[in-house]
Each structure stands twice: as structure tokens, then as C-alpha cells.
Amino acid sequence: MHDQAYLRKRALAKYHNFLQAWLTGETDFFPLSFSVGQVDVKDYQTLDSYRATLTQHAKSTLGYGYIIDSDTRRTRQLGEQTIPHHIVFENAEDYLRYIGNAKWREFQDFVADVKLIRAHQPRLENWLHDNITSLLKHHGVWESLLRVCAYFVAHPQPQLYSRELPIEVHTKFIEQHQSILDKLLQQVLPASAYDLTTEDFNTRYGIRNKAPLIRIRLLDNALKAQNNIPFDDFAIPLNALQDLPLAIERCFIVENELNFLTLPPLKNSMCIWGAGFQASLLGDVQWLNHVDVIYWGDIDVQGFQILSTLRAKLPHVRSMLMDRMTFDSFQSFVVTGNSTSVTALFNLTSDERGLYQYLLENTYRLEQEHIDQDWLHSTLEKL
């Protein structure tokens with residue numbers, strides 16, 4: 001004999017199927033019945049107690065819920081008895097209120113949201129059937145989501161910042177709902193209106209990204225006059241750097257800010273503060289293809305990942321102070337690094353790849369600021 005907890009669990013397990021049936025307009029979902037299991041007909045007290053419990057939670061008592069489907073038969077021990085064998089839900093309200101009044105209210109919201117979506121974006125019909133959980137999850141924001149969809153249908157690839165888009169949603173709405181908007185926009189827009197070759201949401205849909213600032217130090221005072229720049233330490237947007245080729249021979253890209261600030265004077269050279277994975281953006285600066293580029297990062301897996309990403313667009317990039325000799329020479333400063341799921345890098349030399357695998361297997365890290373100035377100057381002289 002199944003108790004109420006089990007029967008509610010069985011009924012709740014059908015909730016998604018019920019929503020799916022409602023979406024498709026099925027009319028035969030109800031009546032919905034569940035077996036109450038094998039009823040004990042040997043002990044009258046047990047049988048009577050079970051019948052009473054079933055009745056206590058039935059529609060005849062509560063005004064909603066199931067009706068009890070029973071039959072009358074003669075038993076060996078108890079004689080003729082009414083034996084329940086199924087509970088039956090006749091309609092949606094009875095079913096939903098039984099599994100919980102919260103589900104009844106959720107269904108009302110679900111119906112309202114589906115009607116709203118169908119009225120404003122009928123192209124989302126197929127998406128609705130495959131994404132019921134997501135539809136429920138975003139209750140309360142569908143009006144705003146649909147406003148965003150409508151705007152991009154009318155104005156694909158707007159080339160505006162997200163906060164200046166003329167859409168009646170709060171200023172951070174698009175930023176905070178990129179995941180669901182990405183799925184919706186791919187349903188309502190033609191394929192020509194978005195770019196699946198990029199993972200960046202803004203780039204994919206033609207929303208302008210704030211250009212990152214790239215900080216630069218000119219390591220040769222003569223370069224200020226040659227490039228008509230009145231200072232040797234400055235920051236400019238990445239897109240401005242792309243359009244401003246500097247008259248230099250060598251460019252260092254340095255991970256750590258202090259190392260960036262203390263790199264010594266070097267003829268015809270400049271230094272860029274890489275600031276972590278921002279360094280990989282420099283691969284889009286085309287004029288760096290004609291400059292000797294040297295990357296100096298931490299000796300850890302992330303440092304080599306940055307180097308590999310940078311080298312994918314600037315194949316001639318050399319690494320500096322990211323070798324086994326340097327690592328071993330400053331072993332006392334080695335700490336536990338950050339793990340990574342990336343196991344293979346394709347743009348490293350054989351020596352770099354060997355060190356990368358060693359760091360990966362042991363989760364080691366040597367930060368570049370622990371390499372002393374004498375070692376640095378000796379390396380620079382060899383360059």
C-alpha cells in the first residue's frame with residue numbers, strides 16, 4: 001500500500017508531462033490515475049486505517065484532489081470489503097492543488113507567460129516545447145525579454161552599447177540575462193543577424209564592447225619625439241592602438257605591473273602591461289606583426305596559456321624568462337598554482353610544452369616578480 005508521500009511523489013513526477021500536454025493542446029491527459037499498490041486485506045484495522053487516510057486527502061474531503069477508485073470483493077479473512085486500487089485526478093486544478101498550491105499558482109503564471117510569448121514572438125513556439133524549465137525559471141521577466149527580442153528583430157546588429165539601446169528595460173538587464181537572450185535571439189533572428197563564430201555575446205549580436213585600455217611604457221626616450229607622444233607611460237583603448245602603429249623595433253608584453261614599471265631603458269623598445277588574459281587581445285594589433293614581440297609571463301599553466309593564445313595570432317612572439325632554468329633557479333619561490341582543464345596547447349615550442357606539462361602535473365607556479373633584477377638584466381643583455 002502506497003502512502004501519501006509516495007503518491008504525491010508519483011503525481012509530481014508527471015508535472016512536466018502535464019505542462020507539455022497543455023502546450024500541445026492534448027485533451028486526453030485527464031483523467032490521470034495512479035495505483036495505490038497492493039492493499040492488505042488480511043487485517044481489518046490496517047485496511048480501514050488506509051481507507052481513512054486515502055479519504056482524508058481525497059476530493060470528497062478537501063474539495064480538490066483525487067477521487068478514489070475502488071471495487072467491492074469478498075476476501076477470505078474479512079468477507080466482503082471495499083478495496084481501493086487507484087486514485088484518479090479528473091482535471092488540472094484537482095491535480096495541481098494536490099501536488100501543491102504553489103504548483104497551481106506556477107501553472108497560472110506559466111499559462112500567462114506562454115500566451116504572452118505566443119502573442120509577441122510566435123517564432124519561439126518550438127523553443128517553448130523544448131525549454132519548459134527555462135520558461136518557468138524566467139517568470140517575471142518575460143515582458144522585458146520580449147522587448148529585447150523585438151528590438152533586435154527590428155534593429156539587428158545595432159552597434160550601440162547595451163546601456164544606450166532604446167529598450168524599456170533597466171540598464172543592466174541585457175548584461176544580466178545574456179544566457180537566455182542568446183537562446184531566444186537565435187530563434188527569432190535570421191542567421192545573418194548574428195555571428196556564431198564568436199563566444200562573446202555583445203560581438204555576436206552587434207552590441208559595442210567597451211574597449212579595454214592598454215597601458216604602454218616607452219623604454220627609449222627618443223621614441224617620444226619620434227612618435228609625437230609627450231609622455232613615456234600612458235594608456236589608450238585597444239582600437240586606438242590598432243590604428244596607431246608606433247615606430248619601434250621591439251615590444252615587451254609583461255604580465256606583472258611592477259615588472260612593467262621597472263623594466264630598464266632599452267633602445268627602440270616599448271613595454272605593454274599584459275594584465276592577465278588581456279594580453280591575448282593584442283593579437284588583433286596588426287602592426288605588431290612587424291615588430292619583435294617578447295612575452296614575459298608567470299611560469300604557470302595560465303602564463304603558457306596566454307602565450308599560446310597570443311602566438312595563435314602573432315606566431316613570431318618569443319617568450320622570455322619562462323624556461324626550466326629560470327624556474328629551477330628560483331625554486332624557493334615556487335607555490336601551488338591554479339588548476340586548469342586545458343591539457344594541450346598547440347602554439348608552444350617543445351621546451352615550453354615540456355615545462356607546461358610539468359607545471360600542469362604538479363600544479364606549480366612561479367610569479368615573475370620573484371625573478372631578481374640581475375637575472376633579468378642578464379637575460380636582456382643576451383637579447
Side-chain angles (χ1 to χ4, degrees), residues 214-217 219 241 246 248-331 333-335 337-340 342-383:
I214 306 299
R215 189 172 174 185
I216 296 170
R217 269 189 69 216
L219 303 179
L241 181 62
L246 299 174
I248 61 167
E249 294 180 3
R250 179 177 293 147
C251 174
F252 293 89
I253 301 172
V254 177
E255 170 71 17
N256 180 268
E257 185 179 19
L258 184 60
N259 291 66
F260 163 83
L261 292 171
T262 58
L263 206 64
L266 291 165
K267 186 176 180 181
N268 290 322
S269 298
M270 77 176 203
C271 183
I272 294 177
W273 179 25
F277 280 88
Q278 179 175 278
S280 60
L281 300 175
L282 298 171
D284 294 324
V285 181
Q286 293 300 314
W287 57 267
L288 286 177
N289 281 289
H290 310 292
V291 173
D292 182 20
V293 180
I294 299 172
Y295 176 71
W296 179 20
D298 293 330
I299 304 181
D300 62 1
V301 291
Q302 284 73 32
F304 282 105
Q305 287 170 6
I306 295 169
L307 173 62
S308 178
T309 303
L310 185 60
R311 207 176 262 160
K313 291 188 175 181
L314 298 174
H316 66 295
V317 171
R318 295 187 287 159
S319 63
M320 180 180 80
L321 296 171
M322 297 178 69
D323 55 85
R324 187 60 183 264
M325 181 180 294
T326 300
F327 180 83
D328 291 340
S329 297
F330 295 90
Q331 185 72 38
F333 296 106
V334 172
V335 296
N338 299 316
S339 59
T340 179
V342 179
T343 57
L345 297 178
F346 301 101
N347 300 305
L348 302 180
T349 66
S350 59
D351 288 342
E352 290 166 347
R353 190 176 298 110
L355 180 53
Y356 173 74
Q357 289 297 327
Y358 175 73
L359 299 170
L360 183 68
E361 292 167 5
N362 295 279
T363 322
Y364 284 151
R365 181 185 190 191
L366 174 61
E367 294 176 300
Q368 63 179 182
E369 60 261 39
H370 294 300
I371 298 173
D372 64 38
Q373 290 293 301
D374 289 341
W375 191 276
L376 169 62
H377 289 184
S378 176
T379 300
L380 293 174
E381 287 174 3
K382 295 174 184 176
L383 291 176

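In this text, all values refer to a predicted model and were calculated from it rather than measured experimentally.
Here the side chains of Asn347 and Leu307 are not in contact, with every heavy-atom distance at 4.5 Å or above. When side chains are defined from C-beta on, Asp351 does not count as touching Asp323, because their heavy atoms never get closer than 4.5 Å. Between Ile253 and Val293 there is a side-chain heavy-atom pair separated by less than 4.5 Å. Looking at heavy atoms from C-beta onward, Lys313 lies out of side-chain contact with Leu282 at the 4.5 angstrom threshold. The closest side-chain heavy-atom distance from Val291 to Met270 is not below 4.5 Å. Using a 4.5 Å heavy-atom threshold, the side chains of Leu383 and Met320 count as touching. For the pair Ile214 and Gln278, the minimum side-chain heavy-atom distance is below 4.5 Å.
In terms of modelled atom types and a separation under 3.5 Å, the side chain of Arg311 and the main chain of Val317 share a donor-acceptor contact. The main-chain N or O of Phe304 is never found under 3.5 Å from a side-chain atom of Ser308 such that the two would form a donor-acceptor pair. Between the side chain of Arg353 and the main chain of Leu348, a donor-acceptor pair closer than 3.5 Å is present.
Going from atom CG of Asn259 over to atom CZ of Phe252 covers 12.5 Å, rounded to the nearest 0.5 Å. Distance CG/Leu246 to CG/Leu288: 9.0 Å, rounded to 0.5 Å. A distance of 12.0 Å separates CD of Gln368 from CZ of Phe260, quoted to the nearest 0.5 Å. Separation of atoms CZ (Arg250) and CD1 (Ile294) is listed at 5.0 Å; rounding is to 0.5 Å. To the nearest 0.5 Å, atom OG1 of residue Thr262 and atom CD of residue Gln373 are 5.0 Å apart. Expressed to the nearest 0.5 Å, how far CD of Glu249 lies from CG of Asn268 amounts to 4.0 Å.
A pairwise comparison of heavy atoms in Thr326 and Leu366 identifies O-CD2, 4.0 Å as the closest pair. Taking each heavy atom of Ile248 and Cys251 in turn, the nearest pair found is CD1-CB, 4.0 Å. Residues Leu310 and Gly283 come closest through the heavy atom pair CD1-N, 3.9 Å. Across Thr309 and Ser280, no two heavy atoms sit closer than the pair CG2-CB, 3.4 Å. Here the closest non-hydrogen pair linking Gln302 and Ser339 is NE2-O, 3.6 Å.
The ring pair (Phe, Tyr, Trp, His ring centres under 6.0 Å) pairs that include a residue from residues 359-383 are Phe330-Trp375, Phe333-His370, Tyr358-Tyr364, where partners are two or more places apart or lie in different chains. Screening residues 251-279 for salt bridge (Lys or Arg N to Asp or Glu O under 4.0 Å) gives Arg215-Glu257 as the qualifying pairs, with residues at least two apart or on separate chains. Every pair passing salt bridge (Lys or Arg N to Asp or Glu O under 4.0 Å) that includes a residue from residues 366-383 is listed here, sequence neighbours excluded: Arg365-Glu367.
Considering Ile272, Val254, Leu263 in turn, Leu263 is the only one that fulfils the side chain to side chain contact (heavy atoms under 4.5 Å, CB included) rule with Arg217. The side chain to side chain contact (heavy atoms under 4.5 Å, CB included) test with Leu241 is passed by exactly one of Leu281, Val285, Asp284: Val285.
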Next item on the list: Go through Thr340 and Leu360 one step at a time and tell me if the side chain to side chain contact (heavy atoms under 4.5 Å, CB included) criterion holds.
Entry: CA-CA 8 Å; Thr340 179; Leu360 183 68; 3.5 Å; yes

